[in-house]
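For ligands, and for the atoms within them, numbers begin at 1 and follow the listed sequence.
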Amino acid sequence: MDGVVTSMQLTRSPAWVALEKHKKEMASLHMRSLFERDPGRFRRFSLSSCDILLDYSKNRITEQTMALLFALARDADVEGWRERMFRGERINVTEDRAVLHVALRNRGNRPILVGGKDVMPAVNSVLGRIAAFVARVRSGEWRGYSGKRIRSVVNIGIGGSDLGPVMVCEALRPYGRDSGLQMHFMSNIDGSHVQEILDQVDPETTLFIVSSKSFSTQETLTNALSCRRWFLDSGAGEAAIARHFVSVSANVEAAQRFGILPDNVFGFWDWVGGRYSLWSAIGLPIALYIGMERFEELLAGAHQMDEHFRTTPLEQNMPVIMALLGIWYNDFFGAQSHAILPYDHYLHRLTAYLQQAEMESNGKRVQRNGEPVDYDTCPVIWGEPGTNGQHAYFQLLHQGTRLVPADFIAPLESYHHLGEHHAILLSNFFGQTRALMWGKNAAEVRAELAAAGMQGEELEALVPHKVLPGNRPSNTLLIPKLTPRTLGSLLALYEHKIFVQGVIWRVDSFDQWGVEFGKQVAGEILPDLQGSGPVEKYDSSTNGLIGFYLEHSARKG
Ligand code: F6P
C-alpha cells in the first residue's frame with residue numbers, strides 16, 4: 001500500500017528540495033511588498049466553498065510557492081489516498097481499519113463498501129434509532145422513573161467521546177435554548193468534575209449517556225459507575241436504570257454487560273475514529289439538544305465539504321490549501337505551533353476539539369512503514385477565542401521571536417444584535433490579521449511619536465520597542481453565520497486538512513499508540529497507590545512521588 005509514496009526519503013524528493021530552495025529565496029521577502037506589488041492579491045489567494053471564505057493572501061507565498069506545494073501534494077499522491085479513504089480501504093494501517101467518518105454524513109447515500117459490504121444501511125438504521133429516541137425525549141414522551149420528563153442530560157465520555165459533543169453543543173447554543181434540556185459533560189476522572197455535575201442534577205429528571213467507543217476507557221467507566229451508584233443511592237430502584245442510562249458504543253456487548261439494556265445502546269463501528277466520531281451516535285447529546293433536523297443539517301454541512309474535498313482539483317481545494325500552508329511553515333520555516341483563533345464566543349471549545357483532532361492524528365514520529373521521520377510533523381495547536389487572546393498572548397504573536405501561523409475564524413453575523421458589539425469584534429478580527437501582516441516600521445513609529453510631540457533621544461529610545469516587524473502569516477476564515485450547516489462544513493474542512501497533512505508526512509493519522517501507553521502506565525500504578533508502600537519498582541522519581549503520596553495518605557488516615 002505504501003509502494004508509491006515511501007520509495008524515496010521525503011526530504012530528498014525533488015518537490016521537497018525545490019521548496020527548501022524556494023524558502024531561501026522567500027526569506028527576505030516581506031508580505032507588505034507582495035501586497036504593494038499586486039493589488040489583486042486578495043482575489044488571487046482566496047476562495048469560497050460551502051459558505052466558507054478562505055483568505056490566504058496574508059501568507060508568505062507567491063504563485064510559485066503554491067505551485068511547488070501542490071507538486072509536493074501530488075508527489076505524496078494525496079489524490080490517491082483521498083480516493084482510498086472514500087472507497088473504504090483500510091488506510092489506518094497499524095489498526096488495520098478503514099477510515100470512514102465520511103460515511104456517517106454521506107447524505108447522498110452513495111454506497112460505501114467496507115470488506116465488500118455497503119455500510120450505508122447500517123448508518124441510516126442507527127440514525128433512524130437516534131431520531132426516534134430524540135423525538136421521545138424532546139417531546140416528553142420518554143419519562144424518568146417517577147413520571148417526570150427529562151430536564152438534564154449528562155454525557156459521560158472523554159476525548160472524542162466528549163470534545164466533539166461539548167464543542168458542538170456550545171457552538172449551537174442558540175439552537176438548543178428551547179430544548180428544555182440542561183447539558184452536562186462529565187469527562188475528567190477527577191472526582192471534583194463528577195461531584196460538581198451531580199450536585200446540579202436531579203436523579204428523577206436526568207438522562208445519563210455513557211459514551212465510549214471501546215467501552216473500556218477507565219475514566220468513563222469509573223465515572224459511569226459513580227453516577228450509577230449515586231442514582232441508586234437516591235432511592236431509585238435497579239429497574240429505573242433503563243429510564244435513565246443509555247450508551248453509545250462500538251462495543252455493544254460490553255455496554256450491555258455494564259447493565260445498559262440492549263434497546264438503550266446506540267452502536268457505531270470500528271471504522272469511526274474516536275476523534276472523528278461526533279457524526280456517529282456519539283453525536284446523540286447534540287441531537288438531543290438541537291433536535292434531529294438540526295443535527296442532520298450539521299451532517300449535511302460536513303457532507304458538502306466532503307464533496308468539495310473529494311471532487312475539487314488540488315489547486316482550488318480548501319482543505320488541501322490549508323494543509324499545504326501549514327506544512328510550509330512547519331517544515332520550511334521551523335514554526336513549532338499553530339494558533340486557531342475563533343472570534344465567536346460560541347466557538348470557545350473549538351480549539352480544544354481541534355487539539356485532539358490534529359495532535360492525536362498527526363503527532364507521530366514514524367512513517368506508516370515504521371521508519372522514523374526526519375522532518376517535523378504536527379505542530380502544537382493552541383488558541384482561545386478573540387478578543388480575549390489579544391489581551392493575553394497576542395503580544396508574542398506581534399513582537400515575539402517565534403513564528404506562529406494562525407487561523408482567524410469569524411461569522412459575519414452574530415445571534416445577538418447588541419449595539420456595536422459585532423462591528424467592534426470584527427474590527428479587531430480584521431485589524432489583527434492586518435497588523436500581524438503589515439507591522440509598523442521604524443519610520444512609521446518615528447512619525448507617530450513626533451506627531452504626539454516627542455523628539456530627540458527620548459523618541460529614539462522608544463523606537464525599537466514600538467516597531468512591529470509584521471510579515472506574520474494568517475489565514476482568515478469567514479462564515480455568514482454560525483449555523484449547524486456552516487459548523488459542519490468548518491469541522492470537515494479541518495478533518496480533511498489533517499488528512500492531507502498526514503498523507504504528506506506519511507504517518508498513520510488514525511492510530512494513537514502514545515495515548516494507549518499512558519493508559520497502561522496508569523493501570524500499573526493504581527494498585528501501588530492502593531497499597532501501603534514503599535514502592536521500588538520504578539525510577540527514583542516515580543518511586544519517590546508515590547511514596548510521598550502514601551505517606552500523606554497514612555498521616556491523614
Ligand atoms: O485519547 C485516546 C482515545 O482513544 C481517543 O482516541 C478517544 O477519543 C478517547 O480515548 C476515548 O475513547 P473511548 O471512546 O473508547 O472511551
- Is there a heavy atom of Glu219 sitting under 4.0 angstrom from any atom of ligand 1? no

Using the ring of each side chain (for Trp, its six-membered ring), is Phe86 parallel, tilted or perpendicular to Phe309, with breaks at 30° and 60°? tilted

Note: ligand 1 atoms sitting under 4.0 Å from heavy atoms of Ile158 are 9 (C), 11 (C)

Would one find an N or O of Ser211, backbone or side chain, under 3.5 Å from an N or O of ligand 1? no

Here the atoms of ligand 1 under 4.0 Å from any heavy atom belonging to Val515 are 1 (O), 2 (C)

Tightest non-hydrogen contact, residues Asp376 and Asp331, listed as O-OD1, 2.6 Å

Min over Glu516, Gln512, Glu360 of heavy-atom distance to atom 5 (C) of ligand 1 lands on Glu360

For this session: Would you confirm whether the ring centroid of Phe258 sits within less than 6.0 angstrom of the ring centroid of Phe245?
Result: no

Q. Does any N/O atom on Ser212 come nearer than 3.5 Å to any N/O atom on ligand 1?
A. yes

Candidates Ser277, Gly160, Gly164, Gly273; heavy atom nearest atom 7 (C) of ligand 1 found on Gly160

Check the orientation of Phe266 and Phe133. Use parallel for under 30°, tilted for 30 to 60°, and perpendicular for over 60°. tilted

### Message
Assess whether a salt bridge exists between Glu204 and Arg143, defined as any Lys/Arg side-chain N lying under 4.0 Å from an Asp/Glu carboxylate O.
### Response
no

Near Ser161 (heavy-atom distance under 4.0 Å), the atoms of ligand 1 are 13 (P), 14 (O)

